[in-house]
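In what follows, a single structure is set out as structure tokens and then discussed.
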Amino acid sequence: MNDIHVDVLIIGAGPSGCVAAAYLNNQGYDIKVVEKSVFPRFVIGESLLPRCMDHFEEVGLLDCLKAANFELKPGARFLRGDVVCNFDFSDKHSEGWDWTWQVPRADFDHILVKEIIKKGVDVSFEHEVTAVEIADDGSSKTTIKTKEGGTYTIHAKFIIDSSGYGRVLPRLLDLDKPSALPDHSSIFTHVKDVNREEGTEGTLITFDVLDKDTWFWVIPFSNGNTSLGFVSKTEYIDSFKGSNTERMKEMLKLSDYYYDRFKDVDFLFEPINIKNYSKSVKQLYGKGYALTGNSSEFLDPVFSSGVTFATESALMSAKLISKELRGELVDWEEEYSNYIKYGVAVFSTYVKEWYTGNLQTLFFHRPENPDVKRQICAVLAGYVWDKTNPFVTKHDRIVKTLAHLIDMEKEQSEAN
């Protein structure tokens, strides 16, 4: 193949790459998307947050998704023993969407990429990035290997790395660094949900909290299938022996609430085990490139933040690249890195405090505090940049402080 010259090269055709591509295409830029796999393809991250609906709407990708009739997600339910904590996205502190979807990602991602192709975006599947050279002025030469083994070069003014778990630029430019989050692993599969109950109970996304470190997700889809997965400390997941199917069957016994519904249901594929999945990077951008989504930071899945960070960072980076291509000055540190890191820091606090048990204390304390619940609900909906919310601005101390007060109150009550 001949060399290609474009304004922007986008690596990866998942939600992050599609949002960036749609925005830049709408602005009239010459872009190229390369994707290592072939779509549709399985990927995890099936529970969305309302915040990402803003992104799909802004770049013109909402209508094609609405037409797919995915399962509506108006909130989320957390169970611990006999205590139920329901979050309703219509009853939250922040303005914004009060619903989103639960999606089989193979279908969801395929719809997005077909739509950007329909809009005129040049997308190549089974094309793998093997090398990148970035000049001092930010212009780049990227070597691409095709499925047939041939190679060609893409010359670009900017690169957006939306490669997700592939983490292309972090690997090639030595940008990876260890995550500050504790090591957890997950094991998950899909089932044909033949015992699904009618009504809300059958469709509600639920997190069954089995202990401080271990939880079970249930994500029903509109096609009749349901995603099931366990998350826990790596050593605990590894303590279950046998094949992944045997391990998952055994783990299902841990859920008193769901065991009967899923005990005799066949898995649609051998359960997948991902170990120590949280990732981080040394920097989110450099001269001529930006990292988005899971290419930059991947947090624990307990609050389903993955797609939202992917689309937030994609849209933000695309807007800044557009400004720079128009000759405007961009402060990447302040306008991109600090902005994205702020949202990541908020969500990271909630992940960490979930596993310390402090956030679980707030979720399952009775009676509930309606104001506290609304403010936490806004965070869980993805509105982690809303600085009118004290659970955003004081995230690093408010959860811990309130949990401590609840524990003190409990101790005092027991002493009396």
Side-chain angles (χ1 to χ4, degrees), residues 47 49-51 75-89 91-94 179-184 186 205-217 230-234 236 254-257 278 297 299-305 308-309 341-416:
S47 169
L49 302 184
R51 172 61 181 156
R77 176 173 66 177
F78 293 80
L79 309 176
R80 189 174 72 182
D82 296 329
V83 186
V84 181
C85 180
N86 270 310
F87 286 98
D88 178 353
F89 292 144
D91 187 20
K92 65 182 182 303
H93 171 84
S94 303
S179 172
L181 294 172
D183 285 342
H184 284 84
S186 64
I205 180 172
T206 303
F207 301 86
D208 188 4
V209 183
L210 305 171
D211 62 43
K212 187 166 65 72
D213 281 293
T214 309
W215 52 278
F216 174 48
W217 81 62
F230 286 89
V231 173
S232 189
K233 286 185 174 179
T234 299
Y236 181 67
L254 300 172
S255 175
D256 293 337
Y257 193 88
S278 294
E297 192 98 22
L299 303 179
D300 188 277
V302 63
F303 301 124
S304 309
S305 62
T308 296
F309 276 125
K341 283 180 178 176
Y342 187 88
V344 169
V346 174
F347 253 118
S348 293
T349 290
Y350 282 78
V351 172
K352 289 172 185 172
E353 295 292 9
W354 176 262
Y355 289 113
T356 64
N358 287 331
L359 191 56
Q360 296 183 36
T361 295
L362 300 192
F363 277 27
F364 298 112
H365 176 64
R366 294 296 177 270
E368 293 182 319
N369 181 316
D371 290 333
V372 166
K373 191 171 183 183
R374 275 191 289 271
Q375 290 162 4
I376 292 176
C377 187
V379 172
L380 301 188
Y383 292 95
V384 291
W385 291 273
D386 177 9
K387 294 186 179 179
T388 70
N389 185 350
F391 275 80
V392 170
T393 55
K394 301 175 184 176
H395 67 91
D396 54 344
R397 58 188 184 278
I398 193 168
V399 174
K400 193 181 304 179
T401 301
L402 284 179
H404 180 62
L405 289 173
I406 289 170
D407 288 339
M408 285 179 58
E409 190 179 283
K410 185 179 176 184
E411 287 173 13
Q412 198 169 24
S413 173
E414 288 172 351
N416 293 336

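Residues: numbered from 1 along the sequence shown.
- With His93 as the fixed residue, the side chain to side chain donor-acceptor pair (under 3.5 Å) test singles out one of Thr388, Asp371, Asn389: Thr388.
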Go through Tyr236 and Asp213 one step at a time and tell me if the side chain to side chain contact (heavy atoms under 4.5 Å, CB included) criterion holds. CA-CA 9 Å; Tyr236 181 67; Asp213 281 293; over 6 Å; no

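- Taking each heavy atom of Ile205 and Ser47 in turn, the nearest pair found is CD1-OG, 3.1 Å.
- Checked against side chain to side chain contact (heavy atoms under 4.5 Å, CB included), Glu409 has the following partners two or more places apart in sequence or in another chain: His365.
- Summarising the local packing, CG of Asp82 is surrounded by 12 or fewer heavy atoms from other residues, nucleotides or ligands at distances under 6.0 Å.
- Across all non-hydrogen atoms, the minimal contact from Leu210 to Ser255 is CD2-CA, 4.1 Å.
- Taking every heavy atom of both residues into account, Gln375 and Pro390 meet most closely at OE1-CG, 3.5 Å.
- Counting heavy atoms from C-beta outward, Val392 and Trp385 have side chains that stay 4.5 Å or more apart.
- Using a distance-only test at 3.5 Å, with no hydrogens or angles considered, a donor-acceptor pair links the side chain of Lys373 to the main chain of Asn86.
- For the pair Val84/Tyr257, no side-chain contact is recorded, criterion being any heavy-atom separation below 4.5 Å from C-beta on.
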Show the numbers, then the answer: is there a side chain to side chain contact (heavy atoms under 4.5 Å, CB included) between Cys85 and Arg80? CA-CA 8 Å; Cys85 180; Arg80 189 174 72 182; over 6 Å; no

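- Using a distance-only test at 3.5 Å, with no hydrogens or angles considered, no donor-acceptor pair links the side chain of Thr401 to the main chain of Ile398.
- By the 4.5 Å heavy-atom criterion applied to side chains, Phe207 and Val231 are not counted as neighbours.
- Counting heavy atoms from C-beta outward, Phe391 and Val399 have side chains that approach closer than 4.5 Å.
- Only one option out of Trp215, Tyr350, Phe78 pairs with Phe363 in a ring pair (Phe, Tyr, Trp, His ring centres under 6.0 Å); it is Phe78.
- Panel note: side chain Lys212, backbone Tyr355; a donor-acceptor pair is recorded below 3.5 Å.
- With a 4.5 Å cut-off on side-chain heavy atoms, Phe303 and Val384 do not count as touching.
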